[in-house]
Amino acid sequence: MSASMEGALARLVAFYEHLSIESLAQLGAVYAPDAHFKDPFNEVEGHAAILAIFEHMFVQVDAPRFVVLESLGQGQQAFLTWEFRFRMKRLVSGEQCIRGATHVRFDGQGRVVLHRDYWDAAEELYEKLPLLGAFMRMLRRASQR
């Protein structure tokens with residue numbers, strides 16, 4: 001990974017680890033205008049759509065924060081593992097944690113052009129909800145038999 005791509009990766013990690021409503025203004029420095037973003041719930045393109053996902057996150061949960069555990073880069077691509085920590089506004093008390101990974105591809109200016117998140121919504125989110133969680137855990141146990 002070149003020095004400029006290492007800098008791009010470090011900028012991306014810092015963006016996520018310091019993410020706040022105020023820091024969303026820096027999205028254009030990290031993501032290319034036509035960047036593609038996909039996670040288990042969304043598939044969008046462009047700054048406005050990506051920004052809307054982050055703004056929605058701040059409405060849905062309290063105290064969201066990302067902790068990047070590892071990042072590996074090669075060429076113009078990188079892979080990150082992370083924990084997303086937050087508190088639900090209702091239904092479940094206490095801090096919650098979703099573990100996942102992200103694949104990103106950078107353009108020549110070091111901005112993200114492709115962002116793909118990988119995490120198991122059933123295990124990491126649905127199983128933590130009171131009624132749905134009991135049902136999801138029962139299904140998982142039944143499939144392991």
Side-chain angles (χ1 to χ4, degrees), residues 1-130 132-133 135-137 139-141 143-144:
M1 184 171 236
S2 69
S4 64
M5 288 300 117
E6 285 179 14
L9 180 54
R11 187 170 51 252
L12 178 66
V13 169
F15 175 76
Y16 274 94
E17 289 192 329
H18 299 98
L19 193 61
S20 67
I21 283 289
E22 296 78 24
S23 71
L24 289 177
Q26 300 169 13
L27 185 88
V30 179
Y31 285 84
D34 59 347
H36 185 86
F37 179 99
K38 182 172 173 49
D39 69 13
F41 300 113
N42 305 282
E43 185 166 6
V44 300
E45 198 167 300
H47 283 168
I50 296 169
L51 181 61
I53 290 169
F54 288 121
E55 289 173 338
H56 182 70
M57 174 189 73
F58 282 102
V59 169
Q60 292 299 312
V61 300
D62 285 328
R65 65 185 173 94
F66 287 90
V67 177
V68 176
L69 304 172
E70 294 180 278
S71 61
L72 304 165
Q74 181 176 2
Q76 290 188 265
Q77 299 184 71
F79 188 79
L80 299 90
T81 58
W82 45 262
E83 292 179 348
F84 174 54
R85 298 186 170 274
F86 62 97
R87 294 186 180 278
M88 292 186 178
K89 291 195 175 194
R90 55 186 192 276
L91 300 177
V92 178
S93 63
E95 186 176 73
Q96 303 299 309
C97 179
I98 293 174
R99 292 169 186 84
T102 300
H103 171 240
V104 292
R105 186 173 298 131
F106 298 99
D107 66 11
Q109 287 79 43
R111 296 174 301 178
V112 175
V113 293
L114 171 72
H115 176 130
R116 174 77 190 261
D117 283 344
Y118 297 93
W119 56 277
D120 184 347
E123 178 183 352
E124 298 290 342
L125 184 61
Y126 299 146
E127 285 188 10
K128 297 174 183 175
L129 300 175
L132 184 58
F135 179 70
M136 295 300 290
R137 288 187 298 275
L139 286 177
R140 184 165 38 96
R141 281 192 301 272
S143 71
Q144 293 172 346

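None of the values given here were measured: they were computed from a predicted structure.
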Approximate separation, where rounding is to 0.5 Å, of Gln96 CD and Asp62 CG
12.0 Å

Could you check whether any side-chain N or O of His47 sits under 3.5 Å from a backbone N or O of Tyr31, counting only pairs where one atom can act as donor and the other as acceptor?
yes

Rounded to the nearest 0.5 Å, how far apart are CG of Leu51 and CG of Leu27?
6.0 Å

Leu80 and Tyr16: CA distance, side-chain angles, deciding distance, side chain to side chain contact (heavy atoms under 4.5 Å, CB included) verdict
CA-CA 11 Å; Leu80 299 90; Tyr16 274 94; over 6 Å; no

Which residues satisfy the salt bridge (charged side-chain N to carboxylate O under 4.0 Å, His left out) test with Arg65, sequence neighbours excluded?
Glu95

When every non-hydrogen atom of Arg11 is compared with those of Gln109, the smallest separation belongs to NH2-O, 4.0 Å

Between the CG atom in Asp120 and the CZ atom in Arg99, the distance rounded to the nearest 0.5 Å is 12.5 Å

Closest heavy-atom contact between Ser23 and His18?
OG-O, 3.4 Å

Quick one: does any side-chain atom of Gln77 pair with a main-chain N or O of Arg105 as donor and acceptor, under 3.5 Å?
no

Rounding to 0.5 Å, atoms CZ (Phe54) and CZ (Phe15) come to a distance of 5.5 Å

Would you check if Asp117 and Trp82 make a side-chain contact, meaning some heavy-atom pair closer than 4.5 Å?
yes

What heavy-atom pair brings Val68 and Glu17 nearest, and what distance separates the two atoms?
N-OE2, 3.0 Å

Does Asp39 have any salt bridge (charged side-chain N to carboxylate O under 4.0 Å, His left out) partners at least two apart in sequence or in another chain, and if so, which?
none

Quick one: closest heavy-atom pair of Val59 and Lys89, and the distance?
O-NZ, 3.0 Å

Working for side chain to side chain contact (heavy atoms under 4.5 Å, CB included), residues Phe86 and Ile98:
CA-CA 9 Å; Phe86 62 97; Ile98 293 174; 3.8 Å; yes

Steps toward side chain to side chain contact (heavy atoms under 4.5 Å, CB included) verdict (Ile50, His115):
CA-CA 10 Å; Ile50 296 169; His115 176 130; over 6 Å; no

So, taking the atom named CZ in Arg85 and the one named CZ in Phe66, what distance separates them when rounded to the nearest 0.5 Å?
12.5 Å

How close do Phe84 and Pro64 get, counting heavy atoms only, and between which atoms?
CE1-CB, 3.6 Å

Could you please spell out the steps behind the side chain to side chain contact (heavy atoms under 4.5 Å, CB included) verdict for Thr102 and Phe79?
CA-CA 6 Å; Thr102 300; Phe79 188 79; over 6 Å; no

Using only atom types and a distance under 3.5 Å, with no angle test, would you say the side chain of Gln60 pairs donor to acceptor with the backbone of Phe58?
no

Keeping the roles fixed (side chain from His36, backbone from Val113), state whether a donor-acceptor pair exists under 3.5 Å.
no

In terms of heavy-atom contacts, Trp119 and Pro40 come closest through NE1-CD, 3.1 Å

Would you give me the side-chain donor-acceptor pairs under 3.5 Å for residues 2-10, sequence neighbours excluded?
unit_1: Ser2; atom_1: OG; unit_2: Ser4; atom_2: OG; d: 3.1
unit_1: Ser2; atom_1: OG; unit_2: Met5; atom_2: N; d: 3.2

